[in-house]
Number of protein chains: 2
Amino acid sequence: MLQSIMAFVHPVNHILKNVPEGPLFMSNKQKETIYDIAQKAGASASTVSAALNGTWKKRRISEKTAQRIIQIAREQGYTTNNQARALRTSRSGLVALLVPEYNRFFSNIAQTFSQEVRARNLCPVIISTERDPKEERHIVEDLSNWQIDSIFFVGSVSPEDLSRQCKDAQIPHVFVDQPCALAPSVVTDNRAGALMLTQQILASMPAATGDPLRDRVYFLGGDRRLPSTYNRIEGFSEAIRAVTGSVAPDQIIAKTYAKDAATQAIADLYGQLGGLPRGLFINSDSVFEGAMHFIATLPEDELQTCAFGCFDYEPFGQLLRFPVHMIRQRHKKLVQRAFWHLEHTTTPVLEQIEPELYRAKT
Amino acid sequence: MLQSIMAFVHPVNHILKNVPEGPLFMSNKQKETIYDIAQKAGASASTVSAALNGTWKKRRISEKTAQRIIQIAREQGYTTNNQARALRTSRSGLVALLVPEYNRFFSNIAQTFSQEVRARNLCPVIISTERDPKEERHIVEDLSNWQIDSIFFVGSVSPEDLSRQCKDAQIPHVFVDQPCALAPSVVTDNRAGALMLTQQILASMPAATGDPLRDRVYFLGGDRRLPSTYNRIEGFSEAIRAVTGSVAPDQIIAKTYAKDAATQAIADLYGQLGGLPRGLFINSDSVFEGAMHFIATLPEDELQTCAFGCFDYEPFGQLLRFPVHMIRQRHKKLVQRAFWHLEHTTTPVLEQIEPELYRAKT
DNA sequence: TGCTTTTGCACAATCGATGTTGCAAAGCAT
DNA sequence: ATGCTTTGCAACATCGATTGTGCAAAAGCA
């Protein structure tokens, strides 16, 4: 059984945090160790250790002695050597976040992660995997050599493998954005989000053209084999069916998240239909950017013939010359819930976070 | 004198890297140590250590023994405990990047940084400082307790303080984006970039209105007390002077990078002038986003009365309903040169990297 | 006062790797 | 065969913290 590790924090860092600016960074003097402090305090190293890391009560050190030691340590600007501590306790104080790349969404995740980790007085290690399963493996192996305390996987490509690897190495871990069947996972409620977004698209569609192929809403981008895209397609389909009764397979174009592919796909679609469709569901910001490269070339009046929705939040999306409805994933909540799971459970549960809909002004 | 640390890599990680998938993650068996390997190889721990970390030649271990040990280690899936190594050698193998926040530019930097660090078989630690000098101090202190090998400061607010702090703790360091007088720094050539951008703005300005105040180019956003903004103002002014002979103080509005402030500033300017100016130099992506919130509310034809330039690259900037020229900072080169300085020098030099101009189609 | 319990702390082992020292065996020259 | 150098490796101390154990002194109780 994996252990919750996050809750544990060494108090010495807090105790010594607010050091007067003065003698602290005085010179090149070698860094002080507990032995130096011990000598200056006329105590033993073990007593100093106990005093500083907060276990002095349990170790029956008198409050007076503890305070004296803390005082001296503070004066000397003592700070503990994390490697030594990690070696002894086999807890490194490092927490890792693995992201596929640094796009807007993942950067937001990273930002929140970094804050949460530092709030717990631990050290964030953020690494990008380039969406490569082999690289993911290697990184986890490396991290395990650093006795990493726990790992957050975001948008991972091979969750189950990674989870097994972590379990073998006894590393607590949690999945964000892409779920894992074997470990706690926190993801956006993609189905509900897609449903909302599609309903909004449907509600703001311009007048029908009469051409049945053009009068449909299309789903563009993503990878239908991934759970996130799959669920978005589900939500999309549900909304469409509620109105038209059925969804045609060719309404859904979901093979990749790649930018260029999106540009090509929308150009092809435009060619086939002889114009833009009446509604377009754009799956993710990269697809958005790709699609825009084509769409931006169209004349003004054509742009008004289509209702756009994007499953991701992009501030500049609000500033285009046509309205785009957007779904914003709650990155903060995603990360915070992930921490919660790490700290309170180890069983494979799936938590879904409802995203927000940004309605474009029309 | 600081020492270059980056060049040093323990070869064991390379040697053992391509482990067959088989017996590696077999079970929960405790992680092997060099003592276990020593026993299995009928050798001493020190011999195993030497064999694995590549110093066996120097330590006069026979090639035969070394190979045998490496073979056994590989079979057992041995990997070295980085804490123990770090404690002994006082090199952690960790390299830190401090960024103010995760915006597009800094995220790109982080991405490149992460790749470069991993290519050197080290571990990237990326932390955001929230532009708070106190937080910066604390982070550096924490990192020093982790025996961090070196630190990259990006867009730091108090470079000199940090540099001193690092020197006291004997941590090699380098500054990116914001220079430091006391340490190697790699920054974008802001003056040259601003010059290019301003010239482009001037070249694509629409017809004059006749109102001298509106017919000028304005510089919007940033903080003139920071070197980067200062230099951009220099470049801007140089370009303007070449055409008009002089720059008026009120052409330059550079107090902050904050989004909301930018929205307000451009709205005010619009109010004063009774319309948009004939040219606008937007300093940074955050200012761009802020300004757009106002500009997006304007009617189509008004937008054609101003030539826009932005000192930052934002893909969606190309997709707006009016052309925006942009400067792209070479984040890859910035980071790579920073590594170079860390590995080859410790003297305070300033290297400037020329950015690229993206001309908008008109 | 004498005996038990509690308090307060020092000692020493330990985490896993590195690097210095020392010592036997092998190699070589005379 | 003898002395001298070189080779090959094991023993041991060390990095700086944590933690189990033991032992005086102080406190409590009769």
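Quick caveat, the model's predicted, so the values are computed rather than measured.
Here the P atom of nucleotide C:dG16 and the CD1 atom of B:Ile34 are 10 Å apart, to the nearest Å. The CD atom of B:Gln39 sits 18 Å away from the P atom of D:dC9 (whole-angstrom rounding). Distance B:Gln83 CD to D:dT14 C1': 17 Å, rounded to the nearest Å. Atom pair B:Leu52:CG and C:dG16:P shows a separation of 15 Å (rounding to whole Å applied). Computed from coordinates, the B:Asn53 CG to C:dT20 P distance equals 12 Å when rounded to whole Å. Nucleotide C:dG16 holds its P atom 13 Å from the CG atom of B:Asn82, rounded to whole Å. Atom CD in A:Glu32 sits about 11 Å away from atom P in D:dG16, given to the nearest Å. Atom P of nucleotide D:dG8 and atom CH2 of B:Trp56 are separated by 10 Å, given to the nearest angstrom.
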Enumerate donor-acceptor pairs with a distance under 3.5 Å from any side-chain N or O in residues 56-64 of chain A to protein atoms, sequence neighbours excluded.
{"from": "A:Ser62", "atom 1": "OG", "to": "A:Thr65", "atom 2": "N", "distance (Å)": "3.2"}
{"from": "A:Ser62", "atom 1": "OG", "to": "A:Thr65", "atom 2": "OG1", "distance (Å)": "2.7"}

### Query
Which nucleotides of nucleotides 7-13 of chain C have their base under 4.0 Å from a protein heavy atom (B), which only their sugar-phosphate (S), and which neither (-), written as one string 5' to 3'?
BBBBBBB
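Scored by the salt bridge (Lys or Arg N to Asp or Glu O under 4.0 Å) test, A:Asp36 finds no partners at all (sequence neighbours excluded).
A salt bridge links A:Arg120 and A:Glu343; the closest N-O separation between the charged side-chain nitrogens and carboxylate oxygens is under 4.0 Å.
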### Task
Quick one: do B:Lys40 and B:Glu75 satisfy salt bridge (Lys or Arg N to Asp or Glu O under 4.0 Å)? Show the steps, please.
CA-CA 11 Å; B:Lys40 289 188 177 127; B:Glu75 280 165 10; over 6 Å; no
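Distance from the side chain of A:Thr33 is smallest for D:dG16 among the nucleotides D:dT19, C:dA17, D:dG16.
Contact between B:Ile70 and B:Ala51 at its shortest, heavy atoms only, is CD1-O, 3.9 Å.
For the side chain to side chain contact (heavy atoms under 4.5 Å, CB included) criterion with A:Glu136, the lone passing option out of A:Thr129, A:Asp161, A:Ile127 is A:Thr129.
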